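Beneath this line is the structure, given in structure tokens, with notes to follow.
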Amino acid sequence: MSSILAGLNPEQLEAITLPHQSALVLAGAGSGKTRVLTTRIAHLIQSGQVSPHGILAVTFTNKASKEMLTRISTMLPINIRGMWIGTFHGLCNRMLRSHYQEAGLPQAFQILDVADQLAVIKRLQKNLSISDKDMPPRQVQWFINNAKEEGQRASNVESHDSFTRKLVEFYQTYEQQCNKDGIVDFPELLLRCYELLIRNEVLCNHYRERFSHILVDEFQDTNRLQYKWLRILSNVGSSTTAAVFVVGDDDQSIYAFRGANTGNMQEFEHDFNVSKVIKLEQNYRSHGNILDAANALIQHNDGRLGKNLWTSEGSGEPIRVYNAPTDFDEASFIVEEIKSLRDEGVDLSQIALLYRSNAQSRVLEHSLFNAALPYRVYGGMRFFERLEIKHALAYLRLIANPDDDNALLRIINFPTRGIGARGVEQLQDEARLDGSSLWSAALKKSSNAPIIQDPEKAKRGVGGFVALMTTMRQACENLPLPQTVEQMLSLSGLLGYYHVEREGADRVENLNELINAATSFVHEADDDSLTTFLAHASLEAGDYQTDTGKEALQLMTVHSAKGLEFHSVFLTGLEEGLFPHENSRNETNGQEEERRLMYVAMTRACRRLYLSFSQSRMLHGQTRYNVPSRFLDEIPENLMKWLQSTQKIDVRHFKSSVDKRFKNTVSQSLGNTKSRISGSINAQETQWHIGQNVAHNKFGSGVIINYEGQGNDARVQVNFDRVGMKWLLLEYAKLTSA
DNA sequence: TTCCTTGTCGCCCGG
DNA sequence: CGACAAGGAA
């Protein structure tokens, strides 16, 4: 009678109704994994085995946890707000906020995203006079994060060579700096939380008693630290251990680069005394040919837990393969196919263009744009990572906590108010001397300064900055969050700055979108404080794209496609060096990880799958010639249908021996004048255009490479053979066509 | 101090 | 190719 259990297959049903014990569910792609997880939670609550209070469910992405919450709330009429469902990072943040004192953190501790973290590292290196040649900041970041994800503090890291010793030493210093500033990077959220549970037995027992059921999604993606966190929290081995229900697929493990360890699955079976592994192998997503191809591919991997997807549907269409001469041609081919799919009645939003790396999207976007096909690009630059948003957030952070040095450094001279590198340095010296924050130093400096009468001058310099922040804090006091954001945007001058800035319209739009983000945050969260909003901004880099839900093609990397499905999938750039990625050659089991990535990509398709590769491709600013991906050889020939190009060859795509200088400037001009198609200037009844050879009676001959302005103000940039670049006013320069 | 040009270096994935 | 830092000119 229980309606939530209707229509499940025997394996799904078994997993959902399993009694209070730890279990491992091997769930293949499209086998109803999320349904099993959410239905189990609903079933546990509905049958009275546990209250919503006693459940802890962990996912990897915000998207997945949102999905889980929505599905549960449609099954059960309960308040889902109090439930502990979220990402590892989100849940650890929640715990650390509740017990910040025990964790040794300030109440309003800030979370650093990757870019913030890199900035802190760079700043620290500068202070310590460490050259970024000796110690590349990115490598340092990688080192620190890796150590943390293994659960290691600086004192735990073994170092056998002098370079590692230097890294460890820096790790230590970095830690001290973070503690001093009250900031926490992503892996620190987990490590801090883990250490809190280890050290504080009372607290740990409190949570152990509370959570009798722990459920984990995408378990194959857990790293060592996450595994240890789960083990502590579940109190495995004791008489009161929680039932830990993990769902995963070793074939879809694609996050080894960030410490994911499939070994956790085998270890879990052992450590948690798993008596039975349930396999979900029936696929409800794809037609047979697609599954057969994916199965054939993944069989080339060793050490799999073993699983074979099958479907009760027919074999469907063959897999379409296309061999393109150039990346440009590959894109045009895709455009043509999309048009005919659209004519067949397939929704554009049901078509995905997948690629290995974000850089590949540009060529595709270009073709789609020219064909007037609407598309949406996922990933890449996220909302909260945008420069203008970062600036706005820095103002907010400084409102929340005046002593946030990192926030202060970001915006003390943005928009510019006459505080240069020199002035900042003075403040830093002052702060170091007093052992105070930069804000205190600024306050001290401005209070000693003479009072300036001129109101315009008073807005400048350190004094102006102090006055600004003081006004802003006063204005925002007791104001609801969205209004605080609004006040900050106008008072800070950010809106004004981008308003007059050329190409600033998008940024103004984004800044206004931040008010919307704050508004919806206030509606959704039960704690609507500024601090919580800031944490939210760091943890959820944000799919705050304005045109969500619009009928548009979906462009994304294979990684971000995990968990999704589409009617038709175009898997592009199947070339050696790109997919498998060349970096994977040097990584242990790199090729197997790439193959799993390929497997994930293929199994996104429900009905139609296109595989394409190109003989040449623009990469790193130069044309590269690649051979087809080895993965194509691993798919049985009888499942594939090789397509021929039906297009006329477009002369523009011929490689010509055009001067490189000229080619560069053409794309440059396109980039600078988005709305304009051609780059020509009409001045004094003479047509000048980019790329034109000209002569000047003093500078000699050259080529027009850029222009700006109109009428009397029209200027051209000319690259002269003898004297190089010059900007010239057309009215006076007396150029002649050569 | 600020803006603009030039040069260098990286270019894969998420919270 | 594009982001970003460094360096030079106003």
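Just so it is clear: chains get the letters A, B, ... in the order the sequence lines come, proteins before strands, and each one is counted from 1. For clarity, every value in this text was computed on a predicted model and none was experimentally measured.
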NA contact type, A:Phe186, heavy-atom cut-off 4.0 Å: base, sugar-phosphate, or nothing?
base
In whole angstroms, how far is the P atom of B:dG15 from the CG atom of A:Asp113?
12 Å
Answer with yes or no whether the side chains of A:Asp250 and A:Gln220 bring together a donor and an acceptor at under 3.5 Å.
no
For A:Arg138 and B:dC12, what is the distance between atoms CZ and C1' respectively, to the nearest whole Å?
11 Å
Going by the rule side chain to side chain contact (heavy atoms under 4.5 Å, CB included), which residues pair with A:His559 if we only count those two or more places apart in sequence or in a different chain?
A:Ile254, A:Tyr255, A:Phe257, A:Arg356, A:Thr557, A:Leu597
Can you check the A:Glu385 CD to C:dC4 P distance for me, whole Å?
11 Å
Does A:Glu582 reach a base, just sugar-phosphate, or nothing at all? Heavy atoms under 4.0 Å.
nothing
Partners meeting side-chain hydrogen bond (donor to acceptor under 3.5 Å, both in side chains) with A:Arg410 (sequence neighbours left out)
none
Polar side-chain contact A:Glu594-B:dC12 base: donor and acceptor under 3.5 Å:
no
A:Lys126 has a side chain; which of C:dA6, C:dC1, B:dC12 sits nearest to it?
C:dA6
For the pair made of CG in A:Leu91 and P in B:dG14, what is the distance, rounded to whole Å?
20 Å
Ignoring backbone atoms, establish whether A:His581 has a side-chain N or O less than 4.0 Å from OP1 or OP2 of B:dC12.
yes
Whole-Å gap separating P (C:dC1) and CZ (A:Arg617)
15 Å
May I ask you to test the A:Lys562-A:Asp221 pair for a side-chain heavy-atom distance under 4.5 Å?
yes
Look at the side chain of A:Asn62 and decide which nucleotide, out of B:dC12, B:dG15, B:dT2, has an atom nearest to it.
B:dG15
Heavy-atom nearest nucleotide on DNA chain B taken for A:Thr61 and for A:Leu619; more 5' hit belongs to A:Leu619
Measure the distance from CG on A:Leu555 to C1' on B:dC12 and round it to the nearest whole Å.
16 Å
Phosphate OP1/OP2 of C:dA5 contacted by A:Lys122 side-chain N/O (<4.0 Å)
yes
A:Thr416 side-chain proximity, nearest of B:dG14, B:dG15, B:dT2:
B:dT2
NA contact type, A:Phe60, heavy-atom cut-off 4.0 Å: base, sugar-phosphate, or nothing?
sugar-phosphate
Please find out if less than 6.0 Å separates the ring center of A:Phe88 from that of A:Phe60.
yes
With nearest nucleotide decided by heavy atoms, which residue, A:Ile419 or A:Gly90, maps closer to the 5′ end of DNA chain B?
A:Ile419
Among B:dT2, B:dG15, B:dC12, which is the nearest nucleotide to the side chain of A:Glu587?
B:dC12
Counting only side-chain heavy atoms from C-beta out, which of B:dC12, B:dG15, B:dG14 sits nearest to A:Tyr255?
B:dG14
What is the nucleic acid contact for A:Asn413, judged by heavy atoms within less than 4.0 Å: base, sugar-phosphate only, or nothing?
sugar-phosphate
What is the nucleic acid contact for A:Glu149, judged by heavy atoms within less than 4.0 Å: base, sugar-phosphate only, or nothing?
base
Within the pair A:Arg422 and B:dT2, is there a side-chain N or O less than 4.0 Å away from OP1 or OP2?
no
Could you give the CG-to-P distance, from A:Leu225 to B:dG14, as a whole number of Å?
20 Å
Are A:Arg362 and C:dG2 close enough that a side-chain N or O sits under 4.0 Å from OP1 or OP2?
yes
With the side chain counted from C-beta on, respond yes when A:Arg397 and A:Gln110 share a heavy-atom pair under 4.5 Å apart, and no when they do not.
yes
Sugar-phosphate, base or nothing in reach of A:Val114, heavy atoms under 4.0 Å:
base
Gap between atoms CD and P, on A:Glu576 and B:dC12 respectively (whole Å)
16 Å
